Structure formats: C-alpha cells, structure tokens
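Here's the structure, in structure tokens; my notes come after.
As the structure is a computational prediction, the values presented were derived from the model and not from experiment. Numbers restart at 1 for each chain; the letters A, B, ... are given by sequence-line order, proteins then strands.
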2 protein chains.
Amino acid sequence: MSPSSAAAFDAKERPGRPPTLTDRTIDAVREGIRNGTLVPGELYSVYRLADKLGVSRSPVRDALLRLAETGMVAFERNRGFRVVLPGARELTEIIAVRLALEVPAAERAAERAQEADREALESEYKAMLSAVAAGDETAFMMHDQRLHGLLLELAGNAHATRIVENLRDATRLVGTSTIRASRSLDDVYREHRPILDAIEQGDPRAAGAAMRRHLESTGLLLLREAARGHRTDADLNALWDNLVGLPPGPSA
Amino acid sequence: MSPSSAAAFDAKERPGRPPTLTDRTIDAVREGIRNGTLVPGELYSVYRLADKLGVSRSPVRDALLRLAETGMVAFERNRGFRVVLPGARELTEIIAVRLALEVPAAERAAERAQEADREALESEYKAMLSAVAAGDETAFMMHDQRLHGLLLELAGNAHATRIVENLRDATRLVGTSTIRASRSLDDVYREHRPILDAIEQGDPRAAGAAMRRHLESTGLLLLREAARGHRTDADLNALWDNLVGLPPGPSA
DNA sequence: ACACAGGGAGTAACATGTTACTCATGGCGA
DNA sequence: TCGCCATGAGTAACATGTTACTCCCTGTGT
C-alpha cells in the first residue's frame with residue numbers, strides 16, 4: 001500500500017532466475033546513498049526503510065547485513081543502522097589492498113590480452129570520455145568500475161575481482177562528490193590511457209607501473225579530500241607511508 | 001525441546017555485549033564442518049539445522065548467508081544449502097590473493113616489529129611446535145592462523161587482515177585432512193622459521209621472500225591434494241602459472 | 001537552575017507464519 | 001519395458017509476530 005517509491009528498485013541479475021528482493025534492496029540502498037536519500041551518519045531503521053521500499057523487513061535486513069559485511073553500513077543494537085563513510089585510515093587501507101591486487105592484475109592482463117579484450121577495454125574507455133563530455137559523474141564511475149573489472153577478469157582471478165568490487169563499494173560514496181571538487185573527471189579519465197597503451201603493446205611491467213601511478217594519484221586525492229580538516233597533512237603522509245609506502249624494489 | 005547438541009555453541013565475542021545467536025551459529029557451523037558433522041556436498045536445510053541447534057530459523061539463516069558471502073556454503077533456491085569445498089581453480093585464486101597481500105605485509109612487519117611483537121610471534125610459533133608434538137592438528141591450524149594474523153596486524157592493514165581470514169576460512173576444510181596425508185605438520189611448522197628470523201633481523205626483503213616461499217609451497221601442496229584425480233599435473237601447473245606465475249622481478 | 005528516576009517510544013534480534021518453487025516418486029498409458 | 005505427467009514432500013525466500021534492550025524525554029524533588 002505504498003506505491004510511492006516502489007519504483008526505486010532496479011531489477012537486474014543473471015538470466016532465468018528473477019532477482020530476489022534482497023538483491024534489489026541492495027541496489028536500492030546503493031542508489032539511495034548515491035543520490036543522497038540516505039545520509040551518512042544518520043540513524044535509520046529497518047522498519048522505516050522496509051515500508052519505504054514496500055517490502056517486508058526480512059529482505060531489507062538481509063540486504064543490510066550483507067552491506068554491513070563490506071563495511072558500507074553499520075548496525076547498532078536496538079538503535080538502528082548508519083551509512084558509514086570511510087575515514088582516512090580505512091581509505092588508505094583500501095588503497096593499499098587495491099594496489100596489491102590490481103597492479104599484478106594489470107601485468108597479467110598485458111601478458112594475455114586478446115584482440116576482443118582490448119576492444120572491450122577501449123570501449124569502456126570511450127564511454128568514460130562520453131561521460132566526461134556529458135558531465136555525468138554517475139556514468140563515469142560506472143564505466144571506470146567496469147574497466148577495472150575487465151582488467152581483473154582478464155587476469156583470471158575471480159576472487160580478486162570480487163574483493164576489489166567490494167572495496168570500491170565502500171569508497172564510492174567518498175568519490176562521488178569529491179572528484180569534481182578538486183579535479184576534473186577529465187584528469188582521471190586521462191590517467192587510464194597509459195594503462196591501456198601498455199596492454200596494447202603487451203608490456204606487463206609498464207602496465208603494472210601505470211596502474212600503480214593511477215591508483216596512487218587518485219587514491220591520494222580521495223584521501224586528502226576525505227580527511228579535509230580532520231587531519232594534518234603530516235598525519236596523512238605518515239599514514240600513507242605506513243600502509244602504502246614504497247614498493248620493495250628500489251630499497252637499500 | 002532438543003537439548004541434544006545445544007551445547008555445540010561456543011560462546012565467545014568481545015566483552016560487555018553477549019554474542020548474538022547468529023555469531024554463535026557461525027561458530028557452530030564452522031565446528032560442524034571441522035569435525036565432520038556437516039559433510040561437504042551434502043544437501044542440508046535451514047529448518048533441520050535450526051532445530052538441531054535449538055534455535056529458530058532466523059539466526060541460522062543469517063549465519064549461513066554470511067558464510068555464503070565468503071563462499072563457504074552455497075544456497076540453492078528451494079532446495080537447501082551445501083558446504084562447498086573449493087576446487088583447484090578457487091584454491092589457486094586464493095593463494096594468489098594471499099601472496100599479493102601477505103608478502104608485502106611480511107615486509108612491513110619486518111620494518112616495524114617491536115620487541116613485544118616479536119615475542120608474541122615467537123609465542124605462537126612455540127605453540128605450533130607443541131601442537132605438532134601432541135599431534136593436535138586443530139590446535140596447529142589455530143596457532144598458524146594466529147601467527148599469520150599477527151603479521152598482518154603488524155603491517156597495520158585491518159582490511160587485508162580480514163580478507164585473508166575469510167580466505168583461510170574457505171580453505172580450512174581442504175587443509176584439515178590434507179596435510180597429515182602428504183606432509184607432516186612438522187614441515188609446515190619449520191617453514192615459518194625463516195620468516196620469523198627475517199623479522200627478528202629487521203630484514204624486509206628476506207621476510208617477504210620467506211613468506212612467499214612458505215605460501216607457495218604450502219599452497220601448491222594443498223592444490224595437488226585437492227585436485228587429486230580430477231586434474232592432470234600439466235593442468236595444475238598451467239593453472240598455477242596463470243594465476244600465481246612468476247614475480248615481476250626477474251622477467252625479461 | 002539542576003540532578004535524577006522512570007516511563008514510553010523505537011529498535012535489532014529472534015521467533016514463527018506463509019508462499020511459490022524444485023524435484024523425487026509413483027502410477028498410468030503405450 | 002519405457003516415457004510421461006500429476007502429485008506431494010520439502011525448501012528458501014518473504015512476511016509478520018514477539019522480546020528485550022537502548023535511549024530520550026518529562027516530571028519531580030531539591
């Protein structure tokens with residue numbers, strides 16, 4: 001009896017099986033966070049969200065528990081739940097993990113990319129440009145995610161792909177309003193070019209290095225923006241060096 | 001009214017708050033898998049497990065959904081759920097991810113270990129020896145896990161720690177009956193010595209290299225055991241090279 | 001003005017009810 | 001003997017009911 005925002009559902013999933021209400025609720029929450037309907041830090045309840053979506057509490061609870069697993073929301077016993085936006089520490093940790101996984105993935109992708117793979121990558125890259133031109137940040141993020149996802153899939157490690165996807169989820173919120181503030185989408189777009197070039201040329205080391213530069217510069221940007229006012233630059237640099245630091249190569 | 005195995009619960013968690021039924025159910029499932037009460041591949045239902053544990057279906061369902069998230073169990077719509085034991089592919093992927101995360105962690109740990117940290121590590125190492133002497137495989141696994149956990153915590157990345165813990169979970173089952181079959185606990189125990197030595201000496205590169213050797217040799221062992229009969233050796237080697245491959249260092 | 005009990009609103013966690021689906025089984029026709 | 005279909009048992013997914021807890025208020029005594 002609340003057809004109000006029942007259309008907030010997204011409806012996707014693999015063929016045959018219809019998506020479960022839990023899955024659709026997960027998408028709805030993501031979307032709610034993205035468009036500002038769900039404010040980080042605010043206290044919500046499963047009750048209210050459930051009838052806002054027009055479903056029962058069960059699938060909503062299941063969905064939120066899954067999101068809590070990745071750190072996107074946090075439950076407080078008998079109080080409610082909050083959307084969590086990651087702090088400086090968490091962001092740095094996430095970047096460190098992504099570096100550990102995506103740099104080798106880029107290397108492997110360069111080793112074994114076929115023509116069809118290269119085309120798929122370029123296609124996403126072009127779609128990113130279109131999004132830049134249209135100023136559509138949401139679309140940009142989506143294609144960025146897909147490009148990184150394709151690279152990881154090319155490397156052949158489904159586990160790593162899933163882990164990175166979850167990590168992106170936790171940071172998506174920060175990235176959204178952040179990037180346009182301090183740097184244009186265009187810069188981020190351009191950072192991907194060297195990665196694709198290296199893959200085109202089948203040069204693993206160059207691909208890995210380009211991916212490292214990309215993740216480090218974008219990550220550092222996100223970190224500075226997220227920590228604005230809460231931490232000193234010295235603090236931030238110490239944090240960064242501790243968790244991301246220097247590659248073991250050029251050490252003594 | 002089924003006090004039969006109601007004592008299967010474990011009851012742990014941080015102070016103050018009592019653990020939720022969901023948490024205790026997760027432990028109960030883990031234990032059930034470990035001791036053979038829950039057989040991999042067999043079809044079970046939330047109904048039956050719930051009253052076997054003497055609780056309602058809700059916390060059991062929540063627990064299983066969480067475990068499904070890490071791939072430990074899999075639901076089949078309107079059929080039941082199964083305990084999944086990872087195949088060759090998945091095992092190899094997991095090893096690759098662990099290498100990516102734990103090798104750098106060992107390097108960082110060597111950089112910043114304090115006296116107290118070294119003592120904690122040695123303590124676990126000694127506990128592993130006791131377990132070897134007692135032939136207690138369960139205790140051995142626990143201390144092995146703690147040692148790796150301590151190393152990751154030392155590196156300061158809580159996210160990485162959690163990820164590795166989840167990955168271990170998915171493989172614990174394979175490891176259990178496997179190791180004693182093909183190699184003695186003692187060998188695995190000894191492999192940790194070079195890691196601790198390198199940390200003792202504050203040598204990051206040596207620590208990383210030792211960790212890599214350890215994970216590769218133990219991982220390869222697990223893989224061969226798990227794939228016994230299902231895959232040829234050539235198959236396995238191809239898989240391994242694809243996902244784990246060579247470090248980017250000594251390439252052309 | 002201020003400390004403080006206690007009552008009540010609201011909640012997550014847990015329990016139970018309902019539905020629509022999957023599949024094994026057995027009977028029936030060929 | 002074999003194929004086919006109806007039927008029913010068993011299930012996850014979803015809905016709803018219950019409980020014990022956490023706070024926020026509000027009023028009372030000082």
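- In this structure, OH of B:Y47 is placed 12 Å from C1' of D:dC14, rounded to the nearest angstrom.
- A straight line from CG of A:L65 to P of D:dC14 spans 14 Å, rounded to a whole angstrom.
- Residues meeting the ring-ring contact (aromatic ring centres under 6.0 Å, His included) test with B:F75, sequence neighbours left out: B:F81.
- Ionic pairing of A:R66 and A:D23 is present here: one or more N-O contacts between side-chain nitrogen and carboxylate oxygen are shorter than 4.0 angstrom.
- Between the CG atom of A:N78 and the C1' atom of C:dA9 there is a distance of 13 Å, given to the nearest Å.
- Contact annotation: B:R61 side-chain N/O to C:dA15 OP1/OP2 distance is not under 4.0 Å.
- Distance B:D62 CG to C:dA12 C1': 11 Å, rounded to the nearest Å.
- Of the candidate nucleotides D:dC23, D:dC21, C:dT16, D:dC23 has the atom nearest to the side chain of A:R79.
- When distances are taken from the side chain of B:R57 to each of D:dT16, C:dT16, D:dT22, the shortest belongs to C:dT16.
- Applying the salt bridge (charged side-chain N to carboxylate O under 4.0 Å, His left out) rule to A:R168 yields the partners A:D144; only residues at least two apart in sequence or on another chain are considered.
- A close approach under 4.0 Å does not occur between any side-chain nitrogen or oxygen of A:S58 and OP1 or OP2 of D:dC14.
- As rounded to whole Å, 12 Å separates atom P of C:dT22 from atom CD of B:E76.
- If you check every strand for non-hydrogen atoms under 4.0 Å, A:S45 touches sugar and phosphate atoms only.
- Contact check, B:R77 against C:dA20: no side-chain N or O comes under 4.0 Å of OP1 or OP2.
- Backbone-only contact: B:F81 has heavy atoms under 4.0 Å from sugar-phosphate atoms and none from a base.
- If you take CG of A:L21 and C1' of C:dC21, they are 15 Å apart, rounded to a whole angstrom.
- Residue B:T20 places no side-chain atom within donor-acceptor reach of the base of C:dA13, judged by atom type and a 3.5 Å distance cut-off alone.
- Between A:T22 and D:dC14 there is a side-chain N or O to OP1 or OP2 distance below 4.0 Å.
- Salt-bridge formation is detected for the pair A:R228/A:E225: a Lys NZ or Arg NE/NH1/NH2 atom is positioned less than 4.0 Å from an Asp or Glu carboxylate oxygen.
- Checked against D:dA12, D:dC14, C:dT11, the side chain of B:F75 finds its nearest nucleotide in D:dA12.
- Judged by distance alone, the side chains of B:N242 and A:R112 do bring a donor and an acceptor atom under 3.5 Å apart.
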